[in-house]
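Following: one structure in structure tokens, then a few remarks.
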Amino acid sequence: MKTAMLMAMMTALCMLVGKGLGGNGGMLYALIFGVGMNLYYYWYSDTMVLKQYQAREASPQSSPNLYSMVKRLSEKAGIPMPKVYIIKTDVPNAFATGRDPEHAVVAVNTGLLNMLEADEVEGVLAHEISHIKHRDILTSTIAACMASVISYLAHIAQWAMILGGGSRDRDNEGGFGGIFAIILAPIAASIIQMAISRSREYEADKSAGEITRRPLALADALLKIEAYAKRRVMPNASEATAHMFIINPLSGVDFSSLFSTHPKTAERVARLREQALTMGK
């Protein structure tokens with residue numbers, strides 16, 4: 001229900017951008033384009049994201065410790081074991097993608113494996129597996145898709161107005177539609193995307209602590225990953241996929257904080273420490 005409501009809101013925004021660009025005809029094309037992209041991302045989102053970050057699949061032979069850790073945590077969470085991928089970069093981070101638990105992927109950076117302790121890596125993996133278990137990966141993937149579509153159409157609308165196309169008011173509604181397309185729709189898309197990710201990050205942190213019984217290990221991992229992210233931006237990172245990572249890979253870019261897709265790490269750590277106290281850790 002939540003995913004369906006989100007898609008309805010994002011599709012409506014996409015249609016408003018199309019209307020600002022080309023009236024009722026533009027709105028129809030935007031609807032068709034948005035739905036088509038939605039379906040495409042539903043089936044191929046994991047492949048596209050993995051290609052973007054040049055990830056390589058891990059096997060029991062190539063990464064026995066990582067593979068066995070993911071398998072063990074998946075069994076504890078009660079989900080099928082996701083595929084495991086490794087991204088070659090020194091900036092530590094991780095994400096999960098896919099359309100459902102049966103077609104899920106967990107990807108980690110080499111920096112995460114090299115710079116974090118084993119129990120911290122386990123906490124990060126449990127966090128991503130929690131996203132898979134609660135089907136957050138579908139919502140986040142579709143949100144990324146629609147936000148990208150709206151942003152793309154807004155750029156087209158901007159150029160159309162610059163070149164004179166936006167001055168023609170086919171529906172006698174003035175220039176409001178064009179202004180909305182350029183400014184308000186991308187902002188609204190970012191706000192929706194931000195609201196989804198922030199609430200689900202807290203839940204994934206809590207669930208990870210329950211799976212591993214070591215919430216403090218995840219807290220330490222979050223602090224380490226954020227410290228690296230503030231110093232270096234992860235290669236190939238983009239606004240469209242930033243919300244999928246456990247820590248925003250664009251934390252080192254000033255403008256990224258305007259519509260942050262993640263809650264403050266300090267607040268996440270505080271909640272994990274409170275959880276540890278209730279567990280007697």
Side-chain angles (χ1 to χ4, degrees), residues 41 43-74 79-99 101 103-132 136-137 140-141 144-145 148 197 201 204-205 208 212 217-253 256 260-262 265:
Y41 270 69
W43 290 104
Y44 300 108
S45 60
D46 54 346
T47 302
M48 294 178 65
V49 174
L50 293 170
K51 284 184 177 180
Q52 176 180 339
Y53 292 101
Q54 300 176 5
R56 296 291 181 267
E57 187 170 2
S59 67
Q61 293 74 33
S62 63
S63 305
N65 293 335
L66 175 63
Y67 195 89
S68 61
M69 189 179 291
V70 173
K71 183 177 181 180
R72 183 174 67 254
L73 292 171
S74 301
I79 65 169
M81 180 178 173
K83 293 182 179 179
V84 184
Y85 278 73
I86 297 178
I87 303 170
K88 189 176 181 180
T89 175
D90 293 334
V91 184
N93 222 316
F95 68 87
T97 185
R99 62 182 182 270
H103 302 87
V105 173
V106 171
V108 299
N109 297 346
T110 51
L112 185 87
L113 301 176
N114 296 333
M115 299 174 188
L116 271 61
E117 301 295 332
D119 60 341
E120 295 169 349
V121 173
E122 184 180 59
V124 171
L125 291 173
H127 172 98
E128 299 305 332
I129 286 172
S130 296
H131 277 311
I132 295 172
D136 297 332
I137 52 175
S140 64
T141 299
C145 169
S148 297
S197 298
E201 290 303 312
D205 287 343
T212 64
L218 176 56
D220 292 340
L222 293 176
L223 292 173
K224 289 182 179 180
I225 297 172
E226 183 182 53
Y228 280 102
K230 286 183 176 180
R231 295 199 298 267
R232 290 181 57 189
V233 174
M234 198 180 88
N236 301 320
S238 67
E239 288 285 351
T241 58
H243 66 285
M244 300 176 71
F245 288 83
I246 190 168
I247 291 289
N248 191 338
L250 300 174
S251 296
V253 182
S256 66
S260 176
T261 57
H262 294 69
T265 301

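All residue numbers refer to positions in the sequence shown, counting from 1.
No hydrogens or angles considered: nothing links the side chains of Glu122 and Thr212 as a donor-acceptor pair under 3.5 Å.
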### Task
Determine, stepwise, if the pair Asp90 / Arg232 fulfils side chain to side chain contact (heavy atoms under 4.5 Å, CB included).
CA-CA 9 Å; Asp90 293 334; Arg232 290 181 57 189; 3.7 Å; yes

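Not a single donor-acceptor pair under 3.5 Å links the side chain of Ser62 to the backbone N or O of Ala58. In this structure, the side chain of Gln52 engages the main chain of Asn236 through a donor-acceptor pair within 3.5 Å.
Atom CG of Leu112 is separated from atom OG1 of Thr89 by 11.0 Å, given to the nearest 0.5 angstrom. Atom CG of residue Asp119 and atom CG of residue Asp220 lie 7.5 Å apart, to the nearest 0.5 angstrom. Note: Ile225 CD1 to Asn248 CG = 12.5 Å, rounded to the nearest 0.5 Å. Note that the NE2 atom of His243 and the CG atom of Asp136 stand 10.5 Å from one another [nearest 0.5 Å].
Between Val233 and Leu250, some side-chain heavy-atom pair lies under the 4.5 Å cut-off. Residues Leu113 and Ile86 form a side-chain contact, since some pair of their non-hydrogen atoms from C-beta on lies under 4.5 Å apart. Residues Ile132 and Pro101 meet the side-chain proximity criterion, which asks for heavy atoms closer than 4.5 Å. Residues Phe95 and Ile87 meet the side-chain proximity criterion, which asks for heavy atoms closer than 4.5 Å. You'll find the side chain of Arg56 stays beyond 4.5 Å of the side chain of Lys88, heavy atoms only. A heavy-atom distance below 4.5 Å is not found between the side chains of Met115 and Lys224. Using a 4.5 Å cut-off on side-chain heavy atoms (C-beta onward), Asp205 and Leu222 make contact. His262 places none of its side-chain heavy atoms less than 4.5 Å from the side chain of Ile247.
A pairwise comparison of heavy atoms in Thr97 and Ile137 identifies O-CD1, 3.7 Å as the closest pair. Contact between Ile246 and Val124 at its shortest, heavy atoms only, is CD1-CG1, 3.9 Å. Between Ser59 and Tyr67, the shortest heavy-atom distance links the atoms C-CD1, 3.9 Å. Here the closest heavy-atom approach between residue Ile129 and residue Ser74 is recorded as CD1-OG, 3.7 Å. Heavy-atom minimum distance, Pro249 versus Ala242: CD-O, 3.6 Å. For the pair Asp46 and His103, the tightest heavy-atom approach, listed with the atom from each and the gap, is OD2-O, 4.2 Å.
Here the rule is side chain to side chain contact (heavy atoms under 4.5 Å, CB included) with Tyr85, and of Val105, Val106, Val108 only Val105 fits it.
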